[in-house]
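All ligand and atom numbering here is 1-based and tracks the order in the structure. Here, residue 1 is the first one in the sequence, and each next residue gets the next number.
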Amino acid sequence: MAKLNFGGVEENVVTREEFPLSKAQQVLKNETVAVIGYGVQGPGQALNQKDNGINVIVGQRKDSKTWDKAIRDGFVPGETLFEIEEALQKGTIICYLLSDAAQIALWPTVKKHLTPGKALYFSHGFGITFNEQTGIIPPKDVDVFLVAPKGSGTSLRRMFLQGRGLNSSYAIYQDATGKAFDRVIALGIAVGSGYLFETDFKKEVYSDLTGERGTLMGAIQGIFAAQYEVLRAKGHTPSEAFNETVEELTQSLMPLVAENGMDWMYANCSTTAQRGALDWWKKFRDATKPVFNELYESVATGKESQRSIDSNSQPDYREKLEAELKELRESELWQAGKTVRSLRPENQKPPTAESTSSTKEAFRKQALKSESVG
Ligand SMILES: NC(=O)c1ccc[n+]([C@@H]2O[C@H](COP(=O)([O-])OP(=O)(O)OC[C@H]3O[C@@H](n4cnc5c(N)ncnc54)[C@H](OP(=O)(O)O)[C@@H]3O)[C@@H](O)[C@H]2O)c1
């Protein structure tokens, strides 16, 4: 295993050079990998493994559109596509990729089929880490590990088809056979990971729950809303407030940050933007850090997992969720965003004679916006 230096800290990392696909195929040659669930991660992981020459089958309940999707994707009923229980019986490695709530409900059935020597694979540390809440306690004589791709199943598949890979973390919870390391890394490579970094179940789920509630979605929406509301309250128009809060970030800055880092972005913007961003970032860090600490505590004490289990198991879960999503969707911020997106050149219909001049003006303003910072 390679040790790589991440900003001065050494970490264990497994790369595709070190553990090539041929080695993964060798490790998995006598295994039947049963991917249970064909939601978001299921298709990405199952199709990538199939294309990588792994013996993979899918377990999916039949009375569902998802079953038809698996058929459309090339899985064949009775050969590579089965009802969940039949796939559990056939699989030697069980990739448990149902939604986290469904994993709790189906656990008694899964447990029944975990005979000695099999492996139980997750893509999230949730079920095992919060086992007092989930009841997911595997038998001692099976391997238990995870590979958690750092992105959606859709991106995992898309990047695989482009010949790229998504980074994943991996962790071993139980090594009953002495082969857990080879098995988990082989699976990580086979599902299409770029490189694999080591973690444990608890750290994986704590960081994941913190990230999605924090900068990946919760905090970023909160900061967008706060800035947008201040600009609107001070008399700026919705389009101006939206462009300065979201559009410029997603269209112009973030692709550059993804490519080169925020340090580069700071070094390559206008001097006015640079001065202000240097002056203000620590203030924002200090203001939000207590909230991040509160969030981490809420994750670590199991409050967040309990809330998610409780709310996802309510019979009226879908209706309540829809009401909350509607509030977000119908907010002025995201309605303004819808109009701004429609003005992007790639989303424009061929102009009619009357609309030409106003559209040109909109294009011109849009182009100017995305070329300047501050
Ligand atoms: N979403 C991601 O991109 C992502 C990223 C990293 C890790 N993960 C982890 O990967 C795992 C799978 O997540 P996911 O987002 O792919 O799951 P998902 O899309 O929510 O999973 C849906 C699957 O679960 C099945 N299912 C739901 N309720 C069921 C029930 N009561 N009985 C039987 N089957 C049921 C669905 O079948 P039907 O269609 O028939 O309902 C479908 O096959 C989770 O542990 C998640 O934390 C996900």
Step through the shown structure and confirm whether more than 12 heavy atoms of other residues, nucleotides or ligands are within 6.0 Å of CD on Glu11. yes
The single option from Lys179, Lys118, Arg183 passing side-chain hydrogen bond (donor to acceptor under 3.5 Å, both in side chains) against Asp143: Arg183
For atom 47 (O) of ligand 1, grab the closest protein heavy atom and report residue, atom and distance to one decimal in Å. His124 CD2, 3.0 Å
Test item: side-chain donor near acceptor, Ser305 and Gln133, under 3.5 Å: yes
Contact check, side chains of Glu204 and Thr129, non-hydrogen atoms, under 4.5 Å: no
Please could you name the atoms of ligand 1 that Gly153 approaches to less than 4.0 Å, counting only its heavy atoms? 3 (O)
Please list the nearest protein heavy atom to atom 36 (C) of ligand 1 with its residue and the distance rounded to 0.1 Å. Gln60 OE1, 4.3 Å
Mind checking whether Tyr96 and Leu106 have side chains closer than 4.5 Å, heavy atoms only? yes
For ligand 1 and Leu106, I'd like to know whether there is a polar contact (N/O to N/O, distance under 3.5 Å). no
Check Glu18 with Lys23, please: is the shortest side-chain N to carboxylate O separation under 4.0 Å? no
for atom 30 (C) of ligand 1, nearest protein heavy atom and its distance come out as Arg61 NH1, 3.4 Å
Decide whether the shortest distance between a heavy atom of Lys150 and an atom of ligand 1 is less than 4.0 Å. no
Protein residue, atom and distance nearest to atom 11 (C) of ligand 1, heavy-atom basis: Leu98 O, 3.8 Å
Against heavy atoms of Pro149, which atoms of ligand 1 measure under 4.0 Å? 6 (C)
So, does Ala105 sit close enough to ligand 1 that a heavy atom of it is under 4.0 Å from the ligand? no
Does some non-hydrogen atom of Gly151 fall short of 4.0 Å from ligand 1? yes
For Gly37, the ligand 1 atoms with a heavy-atom partner under 4.0 Å come out as 43 (O)
Nearest-contact summary for atom 22 (C) of ligand 1 - protein heavy atom, Å: Gly39 CA, 3.7 Å
For atom 26 (N) of ligand 1, tell me which residue out of Ala102, Gly44, Ser155 has the closest non-hydrogen atom. Ala102
When distances are taken from atom 45 (O) of ligand 1, the protein heavy atom at minimum range is Asp100 OD1, 2.8 Å
Ranked by distance from atom 2 (C) of ligand 1, the top protein heavy atom is Gln41 NE2, 3.7 Å
Does any part of the side chain of Leu114, heavy atoms only, come nearer than 4.5 Å to the side chain of Ile94, both counted from C-beta? yes
So, Phe242 versus Trp334, ring centres under 6.0 angstrom or not? yes
Checking heavy-atom distances from atom 9 (C) of ligand 1 to each of Pro43, Ser123, Ser152, the winner is Ser123
Is the closest side-chain donor-acceptor distance between Glu31 and Thr92 under 3.5 Å? yes
Numbering the atoms of ligand 1 from 1, which are under 4.0 Å from a heavy atom of Ser64? 38 (P), 39 (O), 40 (O)
Under-4.0 Å salt bridge between Arg157 and Asp73: no
Do Phe126 and Phe130 have their ring centres less than 6.0 Å from each other? yes
Electrostatic pair Glu304-Arg213, nearest N-O below 4.0 angstrom: yes
For atom 39 (O) of ligand 1, the protein heavy atom that lies nearest, with its residue and separation: Thr66 OG1, 2.3 Å
Element-labelled atoms of ligand 1 that are located less than 4.0 Å from some non-hydrogen atom of Tyr38: 42 (C), 43 (O)
